[in-house]
Amino acid sequence: MQLFYNDTLTESSTEIKFSREESKHIAKVLRKKEGDILHITNGKGCLFTSRITFSGPTQCIAGIDVFKKQQNKPYRLHLAVAPTKMNDRYEWFLEKATEIGIDEITPVICDHSERKVIKAARFERILQSAMKQSLQYYLPKLNPAISFSEFIHQKNDDQLLIAHCEVSEKQSLKDMLQPKLSSTILIGPEGDFSSKEIALALTSGYTPVTLGETRLRTETAAIVAAHSVAFINT
């Protein structure tokens, strides 16, 4: 099944008009014609089964035949991850985390962050593409980049965890995770969180965790965290 994305669709929608770019892809690349079936999600858990009523290189229209609401996971995962120096590494994290299963992502600017500006529009496209490729119907929420201190004072999910590299007493992530429990996990930049940031997180209710015996890159640590949460909930 090939999945399309359109965030304007609602449960009451009866028709969809695809953009010029999507219409060209449907008619010219996929060679779809009138009567062919297309599957579409709005990224909010809805799956729409539609039938093409008009197929042209500049305009494709489909009528919606069936609507189904997909149940979301029994837990939420929010990863707050510092942007990486190499932008493509963060993009790789976004793609793979979406495939594995994640609900919310916040780029966090830390004391040791070498990159402080993100390409939100490009990141959104990567999330959408990964959602469609992995046949999921919920699009992860991408929050604006925020400073560490601002983020730490926000209200987040039930379980608050911070993964850092400082030598101190830490719990194993696998021992801390529990099925069906929503989690917020902080992952720092290449230079790790500063001592000041770690102390602030601990006083704000975050539990320090380790992801293993080896030192991981930022994007690798984020993927390990995402997979660990998904695995404990299978």
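- Atom OG1 of Thr184 sits about 7.5 Å away from atom CG of Leu186, to the nearest 0.5 Å.
- Put simply, the side chain of Glu104 does not reach to within 4.5 Å of the side chain of Leu79, judged on heavy atoms.
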- Task: Kindly determine whether Phe4 and Phe48 satisfy ring pair (Phe, Tyr, Trp, His ring centres under 6.0 Å), including the steps that lead there.
- Result: CA-CA 9 Å; Phe4 292 85; Phe48 302 88; over 10 Å; no

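- The closest donor-acceptor contact from the side chain of Arg51 to the backbone of Ile37 lies at 3.5 Å or more, if one exists at all.
- Here the side chains of Asp158 and Ser183 are not in contact, with every heavy-atom distance at 4.5 Å or above.
- Every residue two or more places apart in sequence or in another chain that forms a side-chain contact (heavy atoms from CB on, under 4.5 Å) with Ser13 is listed here: Leu9, Thr10, Ile64.
- Of the possible polar contacts, one joining the Glu34 side chain to the Ser55 backbone as a donor-acceptor pair under 3.5 Å is found.
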- Task: Run the numbers on Leu94 and Ile105 for side chain to side chain contact (heavy atoms under 4.5 Å, CB included), then give the verdict.
- Result: CA-CA 8 Å; Leu94 293 173; Ile105 299 161; 3.6 Å; yes

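- Under a hydrophobic clustering in which Ile, Leu, Val, Met, Phe, Trp and Tyr are joined whenever their side-chain heavy atoms come within less than 4.5 Å, directly or via other members, Leu30 and Ile40 fall into the same cluster.
- Taking the six-membered ring for Trp and the full ring otherwise, the centers of Tyr5 and His39 sit at least 6.0 Å from each other.
- The minimum heavy-atom distance linking Ala230 with Tyr75 is given by the pair CA-OH, 3.7 Å.
- By the criterion of side-chain heavy atoms lying less than 4.5 angstrom apart, applied directly or through intervening Ile, Leu, Val, Met, Phe, Trp or Tyr residues, Val224 is grouped together with Ile100 in one hydrophobic cluster.
- Interatomic distance, Ile126 CD1 to Lys96 NZ, rounded to the nearest 0.5 Å: 11.0 Å.
- In terms of modelled atom types and a separation under 3.5 Å, the side chain of Thr203 and the main chain of Ala199 share a donor-acceptor contact.
- Contacts of Ser195 classified as side chain to side chain donor-acceptor pair (under 3.5 Å), with partners at least two apart in sequence or in another chain: Glu166.
- Checked against side chain to side chain donor-acceptor pair (under 3.5 Å), Lys17 has no partners two or more places apart in sequence or in another chain.
- In terms of heavy-atom proximity, Leu77 sits nearest to Asp103 at N-OD2, 2.8 Å.
- Closest of all the heavy-atom pairs between Phe148 and Ala201 is CZ-CB, 4.1 Å.
- Here CG of Leu142 is found 5.0 Å from CD of Glu124. Values are rounded to the nearest 0.5 Å.
- Applying the side-chain contact (heavy atoms from CB on, under 4.5 Å) test to Lys68 and every residue at least two apart in sequence or in another chain returns Gln70.
- Taken together through direct or relayed side-chain contacts under 4.5 Å among Ile, Leu, Val, Met, Phe, Trp and Tyr, Phe67 and Leu47 form parts of separate hydrophobic clusters.
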- Task: Starting from the C-alpha separation in whole Å, work towards a yes-or-no answer on side chain to side chain contact (heavy atoms under 4.5 Å, CB included) for Arg20 and Gln59.
- Result: CA-CA 6 Å; Arg20 186 184 184 93; Gln59 181 69 82; over 6 Å; no

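- Remark: the backbone N or O of His164 is paired with a side-chain donor or acceptor of Lys170 at under 3.5 angstrom.
- Judged by distance alone, with hydrogens and angles left aside, the side-chain atoms of His25 form no donor-acceptor pair with the main-chain N or O of Glu21 at under 3.5 Å.
- By the 4.5 Å heavy-atom criterion applied to side chains, Ser50 and Asp65 are not counted as neighbours.
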- Could you go step by step and tell me if Glu190 and Lys85 meet the salt bridge (Lys or Arg N to Asp or Glu O under 4.0 Å) rule? CA-CA 8 Å; Glu190 284 90 343; Lys85 181 179 179 180; over 6 Å; no

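- With a 4.5 Å cut-off on side-chain heavy atoms, Ile109 and Pro83 count as touching.
- Side-chain contact between Thr106 and Gln154 is absent, with no heavy-atom pair separated by less than 4.5 Å.
- When side chains are defined from C-beta on, Leu216 counts as touching Leu211, because their heavy atoms get closer than 4.5 Å.
- In this structure, the side chain of Asp7 does not engage the main chain of Asn42 through any donor-acceptor pair within 3.5 Å.
- In this view, Tyr138 and Lys69, Asn72 satisfy the side-chain contact (heavy atoms from CB on, under 4.5 Å) rule, not counting sequence neighbours.
- Note: Leu160 CG to Met176 CE = 10.0 Å, rounded to the nearest 0.5 Å.
- Atom CD1 of Ile26 is separated from atom CG of Asp36 by 10.5 Å, given to the nearest 0.5 angstrom.
- In terms of heavy atoms, Pro140 sits closest to Leu127 at O-CD1, 4.0 Å.
- The two atoms that bring His78 and Asn143 nearest to each other are NE2-ND2, 3.9 Å, heavy atoms only.
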- Full working for side chain to side chain contact (heavy atoms under 4.5 Å, CB included) between Thr41 and Met131: CA-CA 10 Å; Thr41 183; Met131 177 192 65; 3.8 Å; yes

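- Surrounding NZ of Lys116 are more than 12 heavy atoms belonging to other residues, nucleotides or ligands, all under 6.0 Å away.
- Using modelled atom types, one side-chain atom of Ser19 and one backbone atom of Glu22 make a donor-acceptor pair closer than 3.5 Å.
- A 4.5 Å side-chain heavy-atom check between Asn87 and Arg115 finds at least one atom pair inside the cut-off.
- Remark: Leu38 CG to Asn6 CG distance equals 12.0 Å, nearest 0.5 Å.
- Lys32 contributes no side-chain N or O that, together with a main-chain N or O of Ile52, makes up a donor-acceptor pair within less than 3.5 Å.
- Between the Ser134 side chain and the Glu99 main chain, no donor and acceptor come within less than 3.5 Å of each other.
- Annotation for Lys180 and Asn233: closest pair N-OD1, 2.7 Å, computed over non-hydrogen atoms.
- Under the 4.5 Å side-chain heavy-atom criterion for Ile, Leu, Val, Met, Phe, Trp and Tyr, Ile118 and Leu139 are members of the same hydrophobic cluster.
- Following chains of ILVMFWY side-chain contacts shorter than 4.5 Å, one can reach Leu202 starting from Phe151, so the two form part of one hydrophobic cluster.
- Under the side-chain contact (heavy atoms from CB on, under 4.5 Å) criterion, Ser194 pairs with Asp111, His112, Lys196, Glu197, not counting sequence neighbours.
- Note on ring orientation: taking the six-membered ring where Trp is involved, the planes of Phe93 and Tyr90 are perpendicular (angle over 60°, cut-offs 30° and 60°).
- Checking side-chain atoms of Ser23 against main-chain N and O of Cys60 turns up a donor-acceptor pair under 3.5 Å.
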- Task: Could you check Val108 against Val81 for side chain to side chain contact (heavy atoms under 4.5 Å, CB included), going step by step and ending with a plain yes or no?
- Result: CA-CA 6 Å; Val108 179; Val81 185; over 6 Å; no

